[in-house]
Amino acid sequence: MAEKQLRRNLAVLPIGTVMKLTGQTARQIRYYEAQQLVLPERTAGHQRLFSLNDVDRLLELKDYLAEGATIAQIRQIYQKQAQKRQQPELSDTQTRQLLAQELLSVSGLVGQRSAISQSSKLY
DNA sequence: CTTCTGACA
DNA sequence: TGTCAGTA
């Protein structure tokens with residue numbers, strides 16, 4: 001199951017194939033890359049190589065754009081999704097435990113009042 | 001022949 | 001965006 005996802009992320013498709021698969025022009029695909037909406041890999045000779053996930057991304061992009069979304073809006077959507085993968089949201093209890101630990105470790109140095117404001121900056 | 005970057009109507 | 005030029 002994990003092996004399959006790995007293959008979907010394998011960059012092996014040249015732009016010509018992606019054009020046929022998405023119905024987009026090379027110009028558009030390159031433009032979307034410039035806008036950070038897709039991040040294809042490169043061969044030693046600078047040729048773009050797309051993965052199946054990249055193709056899905058472009059197909060999805062076509063829908064979002066058709067629905068009137070802005071390049072900037074779509075970019076933010078993907079950026080926030082990427083951030084959440086690296087920094088998964090904490091459950092309420094996890095947050096409380098973490099906050100409690102921060103409070104304990106910082107209060108010893110600066111006292112409770114400022115300890116609260118300092119630890120809150122961490123979230 | 002295919003792709004790449006930069007540029008211009 | 002399309003398209004043309006000059007490359008790799």
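Remember, predicted model here, so these are calculated numbers, not experimental data. Below, read A as the first sequence line, B as the second, and so on, with proteins coming before strands; counting in each chain starts at 1.
- A distance-only check finds no donor-acceptor pair linking the side chain of A/Asp56 to the backbone of A/Asn53 [under 3.5 Å].
- A side-chain N or O of A/Glu60 and one of A/Tyr78 form a donor-acceptor pair less than 3.5 Å apart.
- Taking the centre and axis of the six-membered ring of A/Tyr32, the NZ or CZ atom of A/Arg57 falls outside the cone set by 45° and 6.0 Å.
- Note: CD (A/Gln24) to P (C/dG2) measures 11 Å, nearest angstrom.
- Searching all strands for a Watson-Crick or G-U wobble partner of B/dT2 with both distances below 3.5 Å returns C/dA8.
- Evaluation of atom-type donor-acceptor distances gives no pair under 3.5 Å for the side chain of A/Arg30 against the base of B/dT5.
- In this structure, A/Ile29 places its CD1 atom 15 Å from P of B/dT2, rounding to the nearest Å.
- Here A/Thr25 reaches the OP1 or OP2 of C/dG2: one of its side-chain N or O atoms lies under 4.0 Å away.
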Between A/Gln35 and A/Arg75, does a side-chain contact (heavy atoms from CB on, under 4.5 Å) hold up when you go through it step by step?
CA-CA 8 Å; A/Gln35 302 310 305; A/Arg75 185 199 297 119; 3.4 Å; yes
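- Taking for each of A/Gly45 and A/Leu65 the nucleotide of DNA chain C with the nearest heavy atom, the 5'-most of the two is the partner of A/Leu65.
- Both A/Gln28 and A/Gln47 lie close to DNA chain C; mapped to their nearest nucleotides by heavy-atom distance, the more 5′-ward contact belongs to A/Gln28.
- Phosphate proximity of B/dT5 to A/Arg42: present, with a side-chain N or O under 4.0 Å from OP1 or OP2.
- Remark: P of C/dT1 and CE of A/Met19 are 13 Å apart, rounded to the nearest angstrom.
- Taking 4.0 angstrom as the limit, A/Arg27 places none of its side-chain polar atoms (N or O) nearer than this to OP1 or OP2 of C/dT3.
- A/Tyr32 comes within 4.0 angstrom of the backbone, heavy atoms only, and of no base.
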